[in-house]
2 protein chains.
Amino acid sequence: MMSVPLYEAKAELFRLLGHPVRIRVLELLQDGPLPVRDLLSAIDVEPTGLSQHLAVLRRSGMVTAHRDGSTVVYALAGGDVADLLRAARKLLTQKLSGQSQLLSELLDTETSVR
Amino acid sequence: MMSVPLYEAKAELFRLLGHPVRIRVLELLQDGPLPVRDLLSAIDVEPTGLSQHLAVLRRSGMVTAHRDGSTVVYALAGGDVADLLRAARKLLTQKLSGQSQLLSELLDTETSVR
DNA sequence: CCGCCAATTGCGAAAGTTCGCAATTCGTGA
DNA sequence: TCACGAATTGCGAACTTTCGCAATTGGCGG
């Protein structure tokens, strides 16, 4: 049954999330399912590139796809991807505000530095 | 001031987390600061490899390092990395339990399939 | 049935990542 | 000062990922 250590799976998950187009897709799908066409017009990417990124997300079970007429509609597979994105946003905004704070301290001539 | 879109930053963050050794390091540091030596004995990696991964985490501001005598001690930089790891664990355990459920359904000869 | 549009897949070139070896830095004790 | 151990850095080879082009699939209207 050759099981994979949990930290390998976690790394894999993060690696799969580590592309701007895939992040964009997941963010857009947070507000509900969308056809490929709409994703395509919202994201700056070629159709073929989008398909490939969607395939990655599908294979890893983060999104589901179904045909509706001649279009294909994608949706988030589980509710918890959103948690992950939220945690990432939180960390980033905190980090960025920390940086700008540091920056303004560095630029602030009033700040006494010994 | 050439700012980076937030989704780029997010993708970058996930990409940086997408390596088993780096995940392992962050998990170990959740219980408090550790010297490189201890990380080295806990993780299956060469010293030089560990250094490189630590450098990645340092550059991206996820951990901090300081010398204490002849050893270097690493610590988590902000409390929110833990949130991210927790969200990942949650998603994975859910996903895995879903898989094993599906698997047993597939293997279960009693299950009627039309 | 045919042509068209939406989406996907196969494939090869380019770009990026990881790994270990050799060399370097830094601090400590002889 | 010298040798040593801890940790890091530079560098090149092996591997993985990404990208766009060309070809393919599947559904729909004429």
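Reminder, nothing fancy here: chain letters follow the sequence lines and each chain counts from 1. Just so you know, these numbers come straight off a predicted model, no measurement behind them.
A close approach under 4.0 Å does not occur between any side-chain nitrogen or oxygen of B/Y74 and OP1 or OP2 of D/dA6. Neither OP1 nor OP2 of D/dT16 sits under 4.0 Å from any side-chain N or O of A/R15. For D/dA7, neither phosphate oxygen OP1 nor OP2 lies less than 4.0 angstrom from any side-chain nitrogen or oxygen of B/H66.
The nearest whole Å value for the distance from the CG atom in A/D38 to the C1' atom in C/dC5 is 16 Å. Rounded to whole Å, the distance from CZ on A/R59 to P on D/dT18 is 11 Å. For the pair B/E12 CD and D/dT18 P, the interatomic distance rounds to 13 Å; values are reported in whole Å. Atom pair B/R37:CZ and D/dA7:P shows a separation of 5 Å (rounding to whole Å applied). The separation between B/L16 atom CG and C/dT17 atom P is 9 Å, rounded to whole Å. For the pair A/D68 CG and D/dG26 P, the interatomic distance rounds to 18 Å; values are reported in whole Å. Rounded to a whole Å, the CZ atom of B/R22 is 9 Å from the P atom of C/dT17.
Side-chain contact between B/V45 and B/L39: absent, with no pair of heavy atoms (C-beta onward) separated by less than 4.5 Å. Two residues are said to be in side-chain contact when any heavy atoms from C-beta on lie closer than 4.5 Å; B/T64 and B/R58 fail this criterion.
Checked against B/L76 for a side-chain contact (heavy atoms from CB on, under 4.5 Å), the options B/D31, B/L28, B/L29 give a single hit: B/L29.
In this structure, of D/dT8, C/dG27, D/dT18, it is C/dG27 that holds the atom nearest to the side chain of B/R67. Picking from D/dT8, C/dA7, D/dT18 the nucleotide with the shortest atom distance to the side chain of A/T71 gives C/dA7. Comparing C/dT18, D/dT18, D/dC28 against the side chain of A/S70 picks out D/dC28 as the nearest.
A/L34 and A/L57 end up in the same hydrophobic cluster when Ile, Leu, Val, Met, Phe, Trp and Tyr side chains are linked at under 4.5 Å. Both B/Y74 and B/V56 belong to a common hydrophobic cluster when Ile, Leu, Val, Met, Phe, Trp and Tyr are linked at side-chain heavy-atom distances under 4.5 angstrom.
Summary for the helix from C/dC1-D/dG30 to C/dA30-D/dT1: the axes at its two ends, each from 5 pairs, differ by 10° when rounded to the nearest 10 degrees.
Within residues 46-55 of chain A, the residues having any heavy atom under 4.0 Å from DNA chain C are, by residue number, A/P47, A/T48, A/S51, A/Q52, A/L54.
Taken to the nearest 0.5 Å, the CG atom of A/L17 stands 6.5 Å off from the CG atom of A/L26. Atom OG of A/S70 and atom CZ of A/R37 lie 7.0 Å apart (nearest 0.5 Å). To the nearest 0.5 angstrom, B/L92 atom CG is 12.0 Å from A/E8 atom CD.
Residue pairs meeting the side-chain hydrogen bond (donor to acceptor under 3.5 Å, both in side chains) criterion with at least one member in residues 42-55 of chain A, sequence neighbours excluded, are A/R22-A/H53.
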